Protein chains: 2
Amino acid sequence: MANSKKISIAVIRRLPRYYRYLADLLRMDITRISSKELSQRMGITASQIRQDLNCFGGFGQQGYGYNVEVLYKEIGKILGVVNNRFHFIIIGAGNMGQALANYENFEKRGFQLVGIFDINPQLIGKKIRNVEIMHMDQLDEFVKNNKVDIAVLTVPYKNIPEVAEKVASLGIKGLWNFSAMDLKLPYDDIIIENVHLSDSLMVLGYRLKESQKKKKKKEGTNDSGNTNNESNTNN
Amino acid sequence: MANSKKISIAVIRRLPRYYRYLADLLRMDITRISSKELSQRMGITASQIRQDLNCFGGFGQQGYGYNVEVLYKEIGKILGVVNNRFHFIIIGAGNMGQALANYENFEKRGFQLVGIFDINPQLIGKKIRNVEIMHMDQLDEFVKNNKVDIAVLTVPYKNIPEVAEKVASLGIKGLWNFSAMDLKLPYDDIIIENVHLSDSLMVLGYRLKESQKKKKKKEGTNDSGNTNNESNTNN
DNA sequence: TTTTATAATTTAATAGTTTTTACAATTTGA
DNA sequence: TCAAATTGTAAAAACTATTAAATTATAAAA
């Protein structure tokens with residue numbers, strides 16, 4: 001059943017969004033949904049939904065639609081968060097690190113925070129959502145004794161190369177990098193997602209400017225155009 | 001010079017990344033760069049760089065490359081951060097709100113924090129990077145007396161519809177939404193960027209799982225494959 | 001129970017978009 | 001002056017999204 005053709009990353013990047021919408025539907029006790037209705041809720045085309053979901057095998061039923069619970073679980077499996085919780089640590093307990101540590105959604109999506117590390121003595125010992133902040137000196141031992149799949153890097157710019165090297169040497173294979181520097185490492189089994197919040201803000205600025213430019217023009221010519229004013233980006 | 005053909009959003013979303021790399025080059029006193037060298041630094045193809053930049057007119061020079069400073073300024077203009085600083089406020093001074101308020105990169109990229117709002121009395125009056133946290137009751141007056149282009153929404157899930165409605169009614173045209181709910185508003189001149197950090201984490205999880213699956217398979221068959229292990233996403 | 005109209009998926013084909021290739025044209029620097 | 005370097009851009013290739021036809025399930029009516 002599962003189609004063996006390679007799934008494009010474009011499809012993959014949409015899956016978490018489906019997963020969120022399906023979680024919402026579950027919460028509302030909606031048990032079945034058609035691609036058409038989901039498309040209206042999500043603001044994408046029904047055909048895209050069907051095409052996307054069909055990459056992984058036919059979860060739907062003709063004449064019926066999709067069973068919300070089944071679909072939710074299947075997407076969870078594809079994303080690897082069913083039968084396989086990811087354990088992650090946060091390195092750098094500054095503002096962003098603490099904000100992420102407090103983010104309860106990660107747990108709902110299959111990611112469990114198991115440790116927080118910093119070098120600031122004032123922070124060591126403090127607990128966030130029942131996870132203690134430890135000193136970086138304890139990192140080696142912690143990683144040896146605990147399953148750690150992902151390290152979230154929220155350390156200052158100047159420290160990122162050193163910390164990344166350290167984490168890589170300990171065998172952690174997933175890096176979620178929030179530092180302002182794009183992170184590259186010469187190991188091809190380490191997966192890195194670089195997050196640049198300011199990039200998203202700049203895109204917002206651009207769209208805002210374009211929208212206002214268009215508006216001014218329209219006030220002159222008085223024509224109407226289709227505007228697509230909201231967008232979702234990953235991270 | 002400026003090409004009037006519509007620029008695709010795919011190109012726009014790459015511009016902030018170019019902008020960052022060019023800022024790095026400036027910092028290193030590198031005055032000229034070829035698409036080839038930039039492509040090696042950024043890990044994308046040189047042709048894509050040339051194609052992207054050419055959407056906005058020929059900034060480069062055959063046989064020479066691009067002047068870093070000129071290119072940096074031109075991209076800044078396109079993104080609207082030259083001659084037009086964006087002013088933003090943060091609504092919700094919890095962990096994420098404070099983390100963003102402390103993010104000094106926004107200012108470097110043309111975005112100036114002018115106010116922070118919350119309803120928690122314990123936070124009111126506190127200053128972050130010289131910007132005072134004000135009570136939500138003061139929002140109306142503040143927006144009337146100050147230029148506010150963008151509101152960053154870092155409020156809890158349950159408050160987001162109300163806050164978004166409020167902000168829209170005050171005439172703020174750009175919303176950068178960090179709440180777990182996709183925000184949609186029935187005004188087509190309001191631009192929204194929804195940020196879902198957990199989506200990015202889930203993609204990391206997927207890529208990690210696939211990488212390890214592939215690795216196991218490879219250990220059996222002993223073939224080699226091209227791996228592209230790092231990725232950048234907006235927001 | 002059977003029939004029929006409707007709803008909805010699956011999937012192949014088409015259309016559209018984005019990226020890469022390839023090369024003419026231009027500039028640099030010896 | 002000439003070889004090397006490099007852009008700009010048209011065309012090809014690759015990728016992504018939409019359309020539409022075939023198929024299957026549901027639900028209401030006979």
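The structure displayed is predicted, hence computed values, not measured ones. Letters go in sequence order (proteins before strands), and every chain restarts at 1.
Per the geometry, CD1 belonging to B:Ile44 stands 9 Å off P belonging to C:dT20, to the nearest Å. When the C1' atom of C:dA8 is taken as reference, atom CD1 of A:Ile49 falls 13 Å away, rounded to whole Å. One can place CD1 of B:Ile7 at 11 Å from P of C:dT18, the figure rounded to the nearest angstrom. Between A:Ile9 atom CD1 and D:dC15 atom C1' the separation is 14 Å, expressed in whole Å. Atom CD1 of A:Ile33 and atom P of C:dA8 are 10 Å apart (whole Å). The distance from atom CD of B:Gln48 to atom P of D:dC15 is 13 Å, rounded to the nearest whole Å. Across the protein-nucleic acid pair, B:Leu53 atom CG and C:dT19 atom P stand 13 Å apart, rounded to whole Å. Going from atom CD of B:Gln40 over to atom C1' of D:dT6 covers 13 Å, rounded to whole Å.
The two residues B:Ile75 and B:Leu15 come nearest to each other via the heavy atoms CG2-O, 3.9 Å. Contact detail for B:Asp149 and B:Arg85: the closest heavy-atom pair is OD2-O, 3.9 Å. When all heavy atoms are compared, the tightest approach of B:Lys77 to A:Lys209 is O-NZ, 3.5 Å. In this structure, A:Gly43 and B:Lys184 approach most closely via the heavy-atom pair N-NZ, 4.4 Å. Counting all heavy atoms, side chain and backbone alike, B:Trp176 lies closest to A:Leu197 at CZ2-O, 3.2 Å.
OP1 or OP2 of D:dT16 has not a single side-chain nitrogen or oxygen of A:Arg13 nearer than 4.0 Å. Using a 4.0 Å cut-off, no side-chain N or O of A:Ser35 falls inside it from OP1 or OP2 of C:dA8. Phosphate proximity of C:dT19 to B:Ser47: absent, as no side-chain N or O sits under 4.0 Å from OP1 or OP2.
Distance CD/B:Glu107 to CG/B:Leu113: 7.5 Å, rounded to 0.5 Å.
Annotation: salt bridge (charged side-chain N to carboxylate O under 4.0 Å, His left out) contacts involving residues 59-72 of chain A, sequence neighbours excluded, comprise A:Glu69-A:Lys73.
Scanning residues 66-77 of chain B for heavy-atom distances under 4.0 Å to DNA chain C yields an empty list.
For the pair A:Arg32 and A:Tyr64, the cation sits on the ring face: its NZ or CZ lies under 6.0 Å from the ring centre, inside 45° of the axis.
A search for ring pair (Phe, Tyr, Trp, His ring centres under 6.0 Å) contacts involving B:Tyr103 returns B:Phe106, not counting sequence neighbours. Checked against salt bridge (Lys or Arg N to Asp or Glu O under 4.0 Å), A:Lys166 has the following partners two or more places apart in sequence or in another chain: A:Asp140.
Taking every side-chain heavy atom of A:Asn54 into account, C:dT10 is the closest of C:dT19, C:dT10, D:dT18.
Put simply, the side chain of B:Arg17 gets close to the backbone of B:Met42: a donor and an acceptor are under 3.5 Å apart. Not one N or O on the side chain of B:Arg14 forms a donor-acceptor pair closer than 3.5 Å with the backbone of B:Ile9.
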> Could you run down nucleotides 23-30 of chain C 5' to 3' and tag each one B, S or - for protein heavy-atom contact under 4.0 Å?
Replying inline: --BBBSS-

Using nucleotides 13-17 of chain C, report all nitrogen or oxygen pairs with the protein that are shorter than 3.5 Å.
none

